[in-house]
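Okay, so here's the structure we're looking at.
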Amino acid sequence: MTKDKAYEPFEVDQRMVAHSNYWAGEMGSRFYITLRDKKKILGVRCTKCNKTFWPPRTTCVFCFSKLDELVEIGPYGTLETFTLVTYSEPVHPRKAPFVYGIVKLDGADTGMAHFIDEVDFNKVHIGMRVKPVFAKEKKGNILDIQYFKPI
Amino acid sequence: MKRNVAIIGGGQTYHAARRHDVNQVEMTNEAIRRALDDAQMRIDEIDAVLVSNMEFFEGTHMTDCWMADGSGAYGKPGIKITTGGTVGATTVCVGAHYVASGLFDNVLCVAFEKQEEGDTGAILSSVAHPLWGRSLAGAAVGYFAMMGSSYMAAWGAKEEHSAMVAVKARQNARKNKYAHLKLDITIEDALNSRMLAWPIRMLDMCPASNGACAMILADEKTAKDRCKKPVWIRAMETAHNEQFELDWRDVKTKRPIFSKVCASRIYKKLGVSDPAKYFDVFEVYEPATWAELVWYEDLGLCKPGEGFKLIEKGMTNIDGPIPVNPSGGVLSTNCIGASAMLRVWEAALQIRGDAGGHQVPKDVNRALTTAYGGTNWAVMTALSKTLD
Ligand SMILES: [Zn+2]
């Protein structure tokens with residue numbers, strides 16, 4: 001349906017580089033430092049709602065209570081859902097194929113999205129028990145948990 | 001509502017992967033001029049202009065400022081709205097609030113996306129939480145892949161069922177002259193298309209489209225004086241969840257998730273007990289096939305776990321008893337900033353009887369539209385032909 005136009009379309013190329021630094025805050029700082037130094041995964045409890053959240057945050061999403069009770073969760077967990085990524089695009093954190101899923105860590109009521117490695121692609125399933133593998137070199141982001149693998 | 005609000009006109013561009021012939025403003029202006037023509041209104045009769053698109057998808061911010069010429073916003077009140085995938089519907093909601101409040105009589109709502117011009121994948125990763133999600137973020141495919149695998153495991157649906165949605169969308173799109181992916185495909189084609197992230201294949205996903213939509217909303221007096229076929233906005237509803245809740249991916253959840261909460265609130269406002277009977281047509285926001293099946297259930301068009309049976313029986317076909325997305329939907333056309341507005345505009349066209357080749361073959365008095373965005377946000381809009 002493109003109309004015939006009496007001009008040649010011209011393209012202007014622009015490129016931008018944008019770098020960001022995010023301060024992790026009260027809960028995030030404690031989470032990442034504990035992960036880095038003790039290889040422990042922290043969540044936060046709301047006693048009023050009887051829920052344990054990952055990621056830890058200072059306000060309960062359900063009741064708006066102020067939260068401060070950090071608790072250790074995991075390290076074992078259950079795969080709640082997953083996908084096997086078989087295509088690659090620049091934005092992907094790694095090259096296909098890889099398994100990506102939602103892990104509900106023991107003791108938590110919310111899930112953590114992460115990679116599932118060292119797994120037979122034909123055997124990965126919902127309900128599979130997994131455990132984390134911690135990165136040797138810590139970078140200070142969620143990839144300090146390098147991936148989860150079947151127990 | 002304090003004052004009744006009608007859609008008195010609208011327009012859209014044709015949608016395509018390439019629009020090298022126009023820039024963003026020129027493309028958007030095409031839809032705006034069509035909307036003004038449709039409403040038989042001049043730009044100086046417009047009291048306020050609302051502009052929306054998906055923030056930063058084209059690597060631009062404050063589009064409302066630098067497109068004030070082509071949007072018609074120069075010198076007028078109005079704001080820029082950015083609520084992700086829902087934005088087109090949110091903009092209609094805001095416009096309806098402007099009119100309902102009595103502060104404005106004629107409001108122009110504008111939505112566009114020129115996806116070919118930006119780095120959509122990279123920008124979409126900035127939707128993920130900067131502290132917790134960014135390092136793992138991919139494109140939208142993974143989100144719907146996990147929804148699909150959860151759906152199949154919970155209810156025993158097969159890949160064939162998502163393929164049926166893929167075929168329905170593209171066959172409907174062939175009837176819609178403005179749609180992007182007009183594909184004459186079969187279930188086999190869908191099942192044989194390239195696997196992206198199990199169980200999502202190429203034909204299970206929406207395209208990246210360029211396009212725009214514009215709508216003009218007016219108060220009851222203006223609508224009755226000036227418009228032969230006003231379409232009334234009867235109710236709007238919005239609900240949020242938070243990003244990290246696991247529940248939305250668990251299709252068996254009993255917890256009140258955003259889509260179900262939104263539906264139950266809008267049904268309560270309108271006194272709807274059986275939505276499949278109450279509404280004559282639905283336009284839902286389905287960037288992936290599995291999302292449409294989940295919408296059937298979340299909207300209460302069937303019992304939980306029976307969405308895939310609706311498509312299997314052809315219930316939601318264009319000539320079925322519960323037509324869903326006769327336009328071809330988001331699966332056929334996804335100019336993200338405009339996609340949710342297209343749902344509302346397409347529903348309005350159905351009520352007017354002006355949908356053309358994809359007009360559903362029955363009387364359409366009421367329609368329901370949905371939208372959702374990356375952070376688990378749903379917007380719904382209910383339209384009707386009359387004010388009864
Ligand atoms: Zn709480």
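Numbers restart at 1 for each chain; the letters A, B, ... are given by sequence-line order, proteins then strands.
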Atom [atom1] of residue position [X] - does it have more than 12 heavy atoms of other residues, nucleotides or ligands inside 6.0 Å?
X        : atom1 : result
B:Arg33  : CZ    : no
B:Met202 : CE    : no
A:Lys138 : NZ    : yes

Legend entry - B:Ser149 versus A:Thr81, closest heavy-atom pair with distance: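 So the minimum-distance heavy-atom pair works out to OG-OG1, 2.9 Å.
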Legend entry - Shortest non-hydrogen contact from B:His20 toward A:Pro9: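 Minimum heavy-atom separation between B:His20 and A:Pro9: O-CB, 3.0 Å.
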Separation between [atom1] of [X] and [atom2] of [Y], rounded to the nearest 0.5 Å:
X        : Y        : atom1 : atom2 : answer
A:Gln14  : B:Thr60  : CD    : OG1   : 11.5 Å
A:Tyr87  : B:Met205 : OH    : CE    : 7.0 Å
B:Ile200 : A:Thr86  : CD1   : OG1   : 11.0 Å
B:Ser135 : A:Ile145 : OG    : CD1   : 11.0 Å
A:Asn141 : B:Leu131 : CG    : CG    : 10.5 Å
B:Leu136 : A:Met112 : CG    : CE    : 9.0 Å

Legend entry - Aromatic ring proximity, centroids under 6.0 angstrom, B:Trp132 and A:Tyr32: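 Yes: the rings meet the under 6.0 Å criterion.
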Inset, instruction - Could you tell me whether the side chain of A:Tyr7 and the main chain of B:Asp21 form a donor-acceptor pair under 3.5 Å? - result: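 A pair under 3.5 Å: yes.
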Inset, instruction - Please determine, among A:Phe31, A:Phe115, A:Phe53, the option with the most heavy-atom pairs under 4.5 Å with chain B. - result: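 Maximum pair count with chain B is reached by A:Phe31.
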Legend entry - Residue part contacting chain B, namely of A:His114, when any heavy atom lies under 4.5 Å: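 Both the backbone and the side chain of A:His114 come within 4.5 Å of chain B.
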Legend entry - Residue part contacting chain B, namely of A:Ile142, when any heavy atom lies under 4.5 Å: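 Contact with chain B: backbone and side chain both.
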Legend entry - Contact check, side chains of A:Tyr100 and B:Met146, non-hydrogen atoms, under 4.5 Å: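 The answer is yes, as the side chains (C-beta and beyond) meet within the 4.5 Å cut-off.
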